[in-house]
Protein chains: 2
Amino acid sequence: MTPPPQDARPSASPPAARMLDVAREAGVSAMTVSRALRDPASVSAKTLARINEAVARIGYLPNRVAGSLSSRRGNVVGLVVPSLRNSLFAETIQGVADILGNAHPLMIADGGYTLAGEEQAVAAFLAQRVCGVVLHNTRHSARTRALLRDAGIPCVETGNLVRDPIDMAVGFSNQEAGRAMTAHLIARGYRRIGFVGLPWRENDRAAERLAGYRAALAEAGRAEDAALIHQAAPGLASGGAALAALMALPTPPDAVFLSGDVLAAGALLEAARRGWAVPGQVAIAGSDDGELQSSLTPGVTTLRFPRHEIGRRAATMLLDRLEGRASGRAVLDLGFELVVRASA
Amino acid sequence: MTPPPQDARPSASPPAARMLDVAREAGVSAMTVSRALRDPASVSAKTLARINEAVARIGYLPNRVAGSLSSRRGNVVGLVVPSLRNSLFAETIQGVADILGNAHPLMIADGGYTLAGEEQAVAAFLAQRVCGVVLHNTRHSARTRALLRDAGIPCVETGNLVRDPIDMAVGFSNQEAGRAMTAHLIARGYRRIGFVGLPWRENDRAAERLAGYRAALAEAGRAEDAALIHQAAPGLASGGAALAALMALPTPPDAVFLSGDVLAAGALLEAARRGWAVPGQVAIAGSDDGELQSSLTPGVTTLRFPRHEIGRRAATMLLDRLEGRASGRAVLDLGFELVVRASA
DNA sequence: TTGAAAGCGTTACCAC
DNA sequence: GTGGTAACGCTTTCAA
């Protein structure tokens, strides 16, 4: 008798074991197995042992789909980010995943930097009956807000601090951050301070940073010079180009605050190539501290945002609500840090 | 009469609309609604219109949990990565997500660089009855392999090319890559070629690259010098330190291949700080091309891996199987590119 | 083209 | 402590 082929995939695999199979194997009812698995203490020690043996013997894996339907309670958490590629979001994602662990699987969708993309992702999550949602953003379409409000599940927005959250929010104030860095440059004695930011029409965080820059100038009684305000795409090369453009002005700046992505690092590399002394000829300040900014020479004076912690707190708030430890709206400001190095 | 509080969250929200509610609203049976939603063509135009109206009116969102249980077919795909933080994995994740779209929500778990972590993540996914799994790794525990084989769902391993996949695999050969870069350095006329890699005891990809380095030396009839082989943690600083260590040898190398992460960029920055001419005094080669390596001066000669495409192909293979367009095992080699710039 | 009945595998509820 | 029974909201199957 020849044995059947070993790896005839995708052969019809035997149907997965059910709870009833475990019950039979252990000589108890399905109900008892269910309880034993969810709350081992609610079952006698002997029964528990027999059930555990049976589970191991037949390789039983609980069916969470059936469980969720029956209990009307899911365990999956949904997370929407603008992009999966961006390492800044990756920090927050990791923070969320660290807290959730395997008990709360994480569904991640990429909303593609558009309100419509986010809305579709949220709708898809709700169809999967997620037990909570984390949004990496604080601007949403009206329908996104409505969907989430009506779903009756907890929702945490992360990122730019918001005054009117859908439900809960964790983040920091980009405006305050922009203001703080600009004030630092003013305090250091720089007279003509340039600003480079990501396209602020589409990006509320970038817009807030610019507002902070303006606020700081106004507070110091400085006039704003439109020629010193520059918009740049993300990327090292883009930061370098922006610095070059500002330095080509008839009256170039003596300091530039490049807010976002790795713009500041790009500017520093460009300055090195051009032989501009930093900070002697032009000071450079950035945002979003990372290994790159601290490893360059000179080190980049920058803002440090608690992105990982934001993820952890977002997940914690969600779990607290799911497990009844908290209720009601909440907005949590985790602040930021000004890291002063040699570049400014 | 005072209206009830507007945002009494978490107030008991009204139960979500069911298919039956849509059916009543549209004056048809639930069965007809089910069909209309999954295959609009199978229902008369008038009926379809009434159903769509009803869906919109009551804001119905299909319950995929119930649907999956009933049809015994899920739509969620599971993805396990060693870390969510690492931007290299982010490329592949994005590729997978791009192809899957919202029709196949993506569950992502972080296996934490350990076989046990991956195993737990896989078990959690199977409990959620995912319809397919993508693994960012080709080394697994015996139980991981067994679980996946018995689950009877498609599985794609990505990363280092593997000869014996659990089911399907997409990737490139790290050994070939290591060999190619080393051969390039030999062809350029470098005599003492150093190798710096990530800890190869725990990392099969790093081990393969080292094997490739050795193979290339052997092919060229060169003796291997253990002093020139260095292990380094990931990170810019680590790459700089590794280069410094090699350059401090009695007979320093004239070229160093730093394989992995941003080690090469760190080495280049270190060389700039120390005033070592690159490639005059020491040539530097790296791997994993990114904006950083191309933006530095000189540009880094490096290996480019199709990480985004690997994700896209992995997802495509999964969908092809799920939709019956393909069957059987498959191993896909997407190769790599040698990018020659000024540093080596 | 449409509908009724019978599950899918689990958990809630209530009895023993 | 344990077990029956009836959902959970949908899809499958079969009949009209």
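Quick note on labels: first sequence line is chain A, next is B, and so on, each numbered from 1. Because the structure is predicted, anything quoted here is derived from the model rather than measured. For the numbers below, each heavy atom of this structure counts, side chains included, while hydrogens, waters and symmetry mates do not.
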Residue pairs involving residues 125-157 of chain A (criterion ring-ring contact (aromatic ring centres under 6.0 Å, His included); sequence neighbours excluded): A/F89-A/H136
Contact interval (first through last nucleotide) of DNA chain C with protein chain A, 4.0 Å heavy-atom: C/dG9 to C/dA12
Who are the side chain to side chain donor-acceptor pair (under 3.5 Å) partners of [X], not counting sequence neighbours?
{"X": "A/R18", "value": "A/D21"}
{"X": "A/E91", "value": "B/R85"}
{"X": "B/R143", "value": "B/E119"}
{"X": "A/T316", "value": "none"}

Review item, nucleotides 12-16 of chain D N/O atoms under 3.5 Å of protein N/O:
{"residue": "D/dT12", "atom": "OP1", "partner": "B/R73", "partner atom": "NH2", "Å": "2.5"}
{"residue": "D/dT12", "atom": "OP2", "partner": "B/R38", "partner atom": "NH1", "Å": "3.0"}

Contacts of type salt bridge (Lys or Arg N to Asp or Glu O under 4.0 Å), residue A/R313, not counting sequence neighbours: A/E309
For DNA chain C, the residues among residues 52-67 of chain A that have a non-hydrogen atom under 4.0 Å from it: A/Y60, A/N63, A/A66, A/G67
Between the first and last five pairs of the helix from C/dT1-D/dA16 to C/dC16-D/dG1, the angle of the axes, rounded to 10 degrees: 30°
Pair listing, side chain to side chain donor-acceptor pair (under 3.5 Å) test, anchored in residues 54-63 of chain B, at least two apart: B/E25-B/R57
Side chain to side chain donor-acceptor pair (under 3.5 Å) partners of residues 108-117 of chain A, not counting sequence neighbours, each pair once: A/D110-B/Q94
A/S68 side chain near D/dC8 phosphate (N/O to OP1/OP2, under 4.0 Å): no
